[in-house]
Structures are given as C-alpha cells and as structure tokens.
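These notes are about the structure you will find just below.
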Amino acid sequence: MSRRVAGGLVWVAVCGLTAAGCGSGSRARHAGTAADPYVIGMSQCNLGEPWRVQMDADVRAAAAEHPNLKVIFKDAQNSSLTQRSQVEEFVDQGVDLIIISPKEAAPLTKPVAAAYQQGIPVIVLDREVQGDQFTTFIGADNVKIGREAGTWIRETLGGQGTIVELKGLMTSTPGQDRHSGFLEGLELDTHPGLKIVFSGEMEWLEPNARREMESALATNAKIDLVYAHNDPGAHGAWLAARAAGRDKEMKFVGIDALPQEGQQYVKQGILDATFLYPTGGQEAIDVALKALAGGTVPKKIVLGTRLFTKENIDTGGQAIR
Ligand code: FRU
C-alpha cells in the first residue's frame, strides 16, 4: 500500500471520528478571539428577494453577538456560476467556515464538497445540495409545508374547485418539495372535483409570477385559488388578477410569511394563507460556533413552520406539528 493511500485512509478514519465530518474546525486559520476572529464566508444566492435580505440580516445579527466572529457576505446575484466562484474564492482566501444558501442543487454540489473535503466546515442553508459532503444542512421541511398547503387548500375549497400552481425554480429543492408535498395534501385521487387548471414556473420571482398568472387568467374563465411556492409569487398573481378585475374571484396562498411581507399581505386581505419559512440565520451561527470550537454538530437541523390566516394573524399564527 502506498503512503499516499495510507494517508488517505487515515484521513477517512479521522473524519469518521468527528460528527461534524472532515469540516470540524480543525483547520481554523484564526485564533477565534476578538483580536483575531474566526472568518466566516457567507454566499447568498441573491439579494433581490426580501426573504434573502432577511436571511443575511439574521446571520449578521446573530454573529454580532460574538466578537470572535467576522462574516464576509457575498451576493451571487442569482447565478449558480457566480456562486460556485464565491465558494472557491472563500477556500482560496482561507476562511474558517462557509455558510451557503445555494441557488440550485446540482451546480453547487461539487464546490461545496471540495471545500468540505479540504477541512472547511460548510453549513448549507434552505436549499439543498446533493449527497452528504457538507457539515450541516439547516432548513424547514418543504415537503411538509407543501403538504400542509395542499391540505389547507383541499379543506378550504371543500374538495371542489380550480387551482393555479405557480412553482418556484424547479432545479432547487424547495420548488420540487413544495410541489410534491402539495400534490400529497390535495389527494386528487379521492377528490376528483379538485383540478389544477394551470401550472407555471415563476422561479420565485414576482414579475414572472405576474406574467404566468396573466396566461392563467387568459385561458381560464374561472379560477378558485392560486397556490404560489412563495409570497412574492402569490403577490404577483394577485397583481395580475386585480389588473384583470378578477382578484375577488379567487383565494391566494403563499409561503415565507415574513412579518413585513406575507404577514402584511394577510392583514391587508391580499393573501388568504401563508406558511412560515424560517431563514435559519440564527441557527447557522449557533452551529458555526460549535463547529469552529471542534464540537459535534448534527448533519441536519429541521426548522418548524406556522400557518397564518386572517383568523390567527393577530395572535401570531398557528404552529404546525
Ligand atoms: C428567496 C426564496 C424564498 C423561498 C426560498 C426557497 O429566494 O425564493 O421566497 O421561500 O427562496 O429557497
């Protein structure tokens, strides 16, 4: 057996001993003191959406509690290629830990794995990458959120009605999961009166949702409900329906429930329901601190959700178990 292979085996064994995997903080380049803080590279897939601005703000606020942490923020401006370069730059720069909220699973899997295999802990937030070559994934259960939305919609429509689905980016895991969960919750097999009459991909963006909804309105004389994979999508659909004088004809359901966005829409009577999608910013910093200290961290942290409707909005929504 060559020394190289033997070294490889030792590396695997060492990795196997720490729950955080190879990226357990053992390679930290800084002392982790206020004078020489740990450096965290944070790659955000875009800052064009309020939810992502909130995620960065949550990371910033949580990190500000710890003078031994310094976070470098990068905005990939919705390009997976740019985001890949950002991860590679963080590695070259010698950061102590990386937090990434990836745009898409497939193109970001390799750069994340490469950083992790070099001993840099990598925390993946919200959208997933493939495989297990990262330290911790933190996010809500999007299949569950989709299923809850589907169930709420089936019950609210009394098992009868026409539905428009406006999907997020389907190369990202929340788009796939919010769709499959939704179908489970609708139970179309046993509720033949429910029909998805239009399905469009709005890639999480309000202007795209508005355009897709214009097509849905043009091709459907009656729409009972719009399910959008996020609140900007639901709001874009509402704008299109209102412009066509048809907003009162239908209900609107979204996901995210930011206090300043989706929850406001519910208060204003624009959305009938929205489901909380927590950013995980605080949890990312909690895990980062543990990993940097060489401690054991979980491979996956699943965040909870809440349902907001006009009935419960003033009392903080309803927890979903
Ligand atoms: C923001 C966003 C959120 C959505 C999440 C899914 O980019 O579209 O609205 O809940 O990403 O990853």
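Both backbone and side-chain heavy atoms feed into the values below; hydrogens, waters and symmetry mates do not. This structure is a prediction, so every number in the text was calculated from the model and none was measured. Both ligands and their constituent atoms are indexed starting at 1 by order of listing.
- For E261, the closest heavy-atom approach to ligand 1 does not fall below 4.0 Å.
- Judged purely by distance below 3.5 Å, without hydrogens or angles, the side chains of S79 and Q77 never pair a donor atom with an acceptor atom.
- Interface of P174 with ligand 1, defined as ligand atoms under 4.0 Å from a residue heavy atom, comprises 6 (C), 12 (O).
- Of all the heavy atoms of Q54, none lies under 4.0 Å from any atom of ligand 1, so neither backbone nor side chain is involved.
- Of the candidates D231, N142, L205, D126, it is D126 that places a heavy atom closest to atom 6 (C) of ligand 1.
- One finds a salt bridge joining R147 and E184 here, because a Lys/Arg side-chain nitrogen approaches an Asp/Glu carboxylate oxygen to under 4.0 Å.
- Residues S101 and D126 bring a donor and an acceptor atom of their side chains to less than 3.5 Å of each other.
- For atom 10 (O) of ligand 1, the nearest non-hydrogen atom from the set T173, D256, N230, I255 comes from D256.
- The closest protein non-hydrogen atom to atom 7 (O) of ligand 1 is R52 NE, 2.4 Å.
- Short contacts between ligand 1 and R127, defined as distances under 4.0 Å to a heavy atom of the residue, involve ligand atoms 2 (C), 6 (C), 7 (O), 8 (O), 11 (O), 12 (O).
- Contacts of A240 classified as side-chain contact (heavy atoms from CB on, under 4.5 Å), with partners at least two apart in sequence or in another chain: R210, M213, E214, L217.
- The pair K222-E249 fails the salt-bridge criterion, with no side-chain N (NZ, NE, NH1 or NH2) lying under 4.0 Å from an Asp/Glu carboxylate O.
- N208 is linked by a side-chain contact (heavy atoms from CB on, under 4.5 Å) to M202, E203, L205, R211, counting only residues two or more places apart in sequence or in another chain.
- Nearest protein neighbour of atom 8 (O) of ligand 1, counting heavy atoms only, is E49 OE1, 3.0 Å.
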